[in-house]
Amino acid sequence: MAPETDRLLRGMNEHQVAAVLSDASPLRILAGAGSGKTRVLTHRIAHRSEAGTLDPSRVLAVTFTRKAAGELRERLGRLGLRDGVHAGTFHAIAYAQLRQRWEERGITPPELLDRKFAIVARLLPGRGRKDDRSTPLDVVAEIEWAAARRITPQDYEREATRARRRPPVPLGTVATVYDDFTQLKRRRRLVDFDDILRLAARDLEADPVYAAARRWRFRHIFVDEFQDVNPLQFHLLQQWLGPDSDTCIVGDPNQAIYAWNGADAGYLIDFDRYFPGGSTVTLEDNYRSTPQILAVANGVLQQGPSVAIRLRPHRPAGAVPTVRALPDDTAEARAVARACRDGHRPGVPWSAQAVLVRTNAQTALIAEAMSAAGVPHRVRGSGRLLEQPEVTDALQVLRRSASLEIGLADLEHDLGDRSRLTEERAANVTEVVRLGREYLALEPAGDTAAFLAWLSTTLRDEDRGGGDAVDIVTFHAAKGLEWPVVHIAGLEEGYVPIHHAETDADVDEERRLLYVALTRARDELHCTWARSRTFGSRTMNRSPSMWVDSIETTLGVAPTELSRAQGAERARSARRSVRRAPAAEGPELELFEALRSWRRDQARAADVPAFVIFNDATLTAIARHRPRSAAQLLKVPGIGPVKAQRFGPDVLRIVADAT
């Protein structure tokens with residue numbers, strides 16, 4: 001092996017080496033969180049360049065963000081490939097292709113429409129209110145979802161119904177606006193970002209000679225984060241690929257969290273269908289998180305219908321994650337802020353910590369508690385509460401009202417009209433109302449101007465984006481990031497999973513989203529939830545997330561820093577603490593043995609002790625009472641709602657078979 005090649009493989013495990021050295025094409029690299037996928041991807045390109053099996057100038061590396069493309073180029077530069085490799089997003093690469101094509105054919109480029117809002121707002125019938133900016137934005141989101149799925153205006157209503165889309169206007173209205181918008185662009189020679197992908201694919205389909213030249217020019221195609229590809233992007237990729245193309249895709253089905261936005265992880269999962277004759281290398285060795293954190297993440301994921309990648313830890317044992325229930329949302333926010341403050345030590349930056357939440361509306365209360373505790377913080381990404389259009393509209397309502405109290409009452413009344421706002425946007429306005437009530441409790445004579453100043457100060461003092469600060473981030477925005485210490489707040493039903501997750505597919509995506517959040521933590525993980533939460537002027541009781549039980553169960557068996565002998569003693573103590581099952585005989589014994597055999601298989605699949613699934617006393621009670629329904633199952637000692645939901649169908653089937 002050449003010295004250069006040895007340098008590129010140094011420090012890699014056998015699976016990473018296999019991914020770098022494989023001569024297969026198409027090649028799928030299934031790369032779990034923290035498994036070093038970017039390193040593998042860049043080292044594969046560099047190794048093949050040095051081996052002479054790849055020309056860097058003919059490489060097209062496709063990513064999903066400019067930041068990712070920049071990181072890819074930077075890493076390749078450090079490996080000696082400073083020039084030649086073309087790395088960019090789908091849109092950037094497609095737009096460069098189109099501009100070159102237009103120039104070659106002497107076509108004046110159409111005008112690029114980078115914002116659809118103004119046009120869509122004018123096309124909406126009866127929506128001329130100047131203070132309603134959220135509805136046009138939601139319709140824009142529907143149009144972009146349809147374009148990503150390659151759904152025409154004529155098919156939108158049928159496909160949106162099938163996908164259970166719920167925009168704030170009737171589906172037929174969206175379809176009409178979508179069609180009008182498409183026709184208007186054509187008349188004015190405008191193209192938006194979705195058109196760029198569509199037109200780039202159309203040019204290649206329409207001109208085989210041009211397509212062949214393009215495919216010869218970029219023979220080696222690498223695509224990262226393949227689980228996030230949508231049908232429009234995949235269609236363009238198909239046009240970029242030819243019979244002689246050298247293809248490598250990288251992705252993680254367990255981090256597929258954008259189906260709501262049009263992504264389709266099926267292109268990655270069903271690789272053999274879309275890329276016949278391809279090979280797969282799987283990276284499951286995690287170098288980011290401690291074994292304790294990975295045990296929690298794997299435990300949550302294990303409850304799903306399938307687990308494509310089960311992460312293996314490669315770090316020393318660390319602190320066991322924590323789960324805390326707080327009396328209410330205010331107490332939770334204060335507890336998180338105190339934990340961040342207490343976790344800050346000399347020599348450790350504030351930015352070593354992050355607070356992750358499911359929705360943008362949750363960030364305000366956390367930020368408020370951070371300010372009160374003197375913890376520097378920032379809300380990362382584009383989801384800052386005060387920048388949301390429905391919040392801007394709500395603040396305008398307050399400014400026009402005779403008093404702050406009247407304005408808040410008007411906002412609360414408007415929230416009753418659920419047809420005007422999506423649930424996410426309504427939650428943001430509800431948070432404004434809550435903050436207004438909180439301000440009036442502090443300053444009963446306060447007016448609107450004073451409240452707006454207080455609000456701006458409360459939420460924006462530390463939200464400047466620079467400096468050393470604790471990050472407050474939504475689960476979605478946290479993807480691709482990591483921190484030594486992660487606090488996950490609001491681990492409740494209604495948030496995790498989100499309340500509008502109704503289908504099994506929706507819930508599975510929410511499970512993966514929580515998995516993404518959990519695997520952002522390197523050294524410490526702290527989870528909290530509130531027993532009650534205030535929405536505007538209403539206080540509602542809350543229940544822990546359906547996955548809290550799994551997390552807490554995992555904590556009881558997670559590896560620790562104990563010695564092997566101490567660990568064995570702890571396991572013996574745990575077994576002794578389980579109440580010994582009463583004797584069973586006859587048909588009852590037969591059913592007990594069938595249940596115990598099933599429990600053994602479940603425990604092996606989950607890599608946990610059998611008693612974590614159900615102890616013998618619970619199995620004996622099932623065998624004795626023979627429940628026939630979910631309601632009867634919940635009456636069996638040792639079975640709660642979470643375990644009934646997770647294991648109930650299997651248990652009821654076994655009981656029925658034994659009858």
Side-chain angles (χ1 to χ4, degrees), residues 33-34 36-39 65-68 70-72 74-75 255 286-290 292-294 296-297 315-316 318-319 321-322 324 332-360 362-387 456-491 513-528:
K37 71 176 179 65
T38 304
R39 183 186 183 205
T65 66
R66 290 190 299 272
K67 178 182 176 183
E71 181 182 357
L72 196 67
E74 180 182 346
R75 291 201 186 197
Q255 297 191 67
N286 177 281
Y287 297 92
R288 174 189 299 157
S289 306
T290 65
Q292 288 71 28
I293 293 170
L294 291 187
V296 169
R315 289 189 54 197
T322 63
R324 293 180 62 193
E332 181 194 34
R334 290 172 178 170
V336 170
R338 281 196 304 271
C340 290
R341 184 187 60 200
D342 295 344
H344 180 60
R345 301 177 182 85
V348 179
W350 289 105
S351 58
Q353 300 186 72
V355 181
L356 308 188
V357 291
R358 174 61 181 84
T359 70
N360 174 64
Q362 296 168 260
T363 63
L365 190 60
I366 301 289
E368 188 180 349
M370 292 286 194
S371 294
V375 176
H377 59 278
R378 58 173 166 258
V379 179
R380 292 189 60 152
S382 60
R384 297 181 179 92
L385 185 70
L386 293 182
E387 295 175 1
S456 179
T457 301
T458 299
L459 298 186
R460 282 187 166 170
D461 268 356
E462 302 295 342
D463 191 13
R464 306 292 183 185
D468 183 24
V470 173
D471 291 314
I472 304 174
V473 198
T474 63
F475 288 3
H476 280 102
K479 185 172 179 290
L481 304 175
E482 60 183 75
W483 296 267
V485 181
V486 167
H487 307 264
I488 296 181
L491 207 54
L513 185 57
L514 175 58
Y515 170 82
V516 167
L518 294 169
T519 53
R520 299 310 94 193
R522 294 205 298 262
D523 304 324
E524 294 182 31
L525 175 65
H526 305 287
C527 303
T528 57

Counting C-beta onward and ignoring hydrogens, is there a side-chain heavy-atom pair between Arg324 and Glu332 closer than 4.5 Å? no
Quick one: pull up CG in Leu356 and OG1 in Thr363 and give me the separation to the nearest 0.5 Å. 12.5 Å
According to salt bridge (Lys or Arg N to Asp or Glu O under 4.0 Å), who are the partners of Arg522, at least two apart in sequence or on a separate chain? Glu482
With a 4.0 Å cut-off, would you call Lys67 and Glu71 a salt bridge? no
So Val379 and Ile366, do their side chains get closer than 4.5 Å, heavy atoms only? no
List the atom of Gln362, the atom of Arg358, and the distance in Å for their closest heavy-atom pair. OE1-N, 3.1 Å
Least distance between heavy atoms, Leu294 atom then Ser289 atom: CD2-CB, 3.8 Å
Would you give me the side-chain donor-acceptor pairs under 3.5 Å for residues 334-347, sequence neighbours excluded?
unit_1	atom_1	unit_2	atom_2	d
His344	ND1	Val348	O	3.1
His344	NE2	Trp350	NE1	3.4
Arg345	NH1	Gly343	O	3.2

Could you tell me whether the side chain of His476 and the main chain of Thr474 form a donor-acceptor pair under 3.5 Å? no
Flag, side chain of Arg315 to backbone of Arg288, donor-acceptor distance under 3.5 Å: yes
Minimal non-hydrogen separation, Pro484 against Ala352, with atom names: CD-O, 3.1 Å
Which is it for Met370 and Val355 under the side chain to side chain contact (heavy atoms under 4.5 Å, CB included) test, yes or no, and what are the steps along the way? CA-CA 11 Å; Met370 292 286 194; Val355 181; 3.5 Å; yes
Does the side chain of Val485 reach to within under 4.5 Å of the side chain of His526, using non-hydrogen atoms? yes
Kindly compute the distance separating OG1 (Thr519) from CD1 (Ile293), expressed to the nearest 0.5 Å. 9.5 Å
If you look at every heavy atom in Val473 and Ala478, which pair is closest and at what distance? CG1-N, 3.6 Å
Restricting to non-hydrogen atoms, name the atom on Cys527 and the atom on Leu491 that form the minimum distance, rounded to 0.1 Å. CB-CD2, 3.8 Å
Nearest 0.5 Å, what's the CH2-CD distance between Trp483 and Gln353? 12.0 Å
Val516 and Phe475 have their tightest heavy-atom pair at CG1-O, 4.5 Å
Can you find a pair of side-chain heavy atoms, one from Val470 and one from His487, that are under 4.5 Å apart? no
Measure the CG-CG distance between Leu525 and Leu518 for me, rounded to the nearest 0.5 Å. 5.5 Å
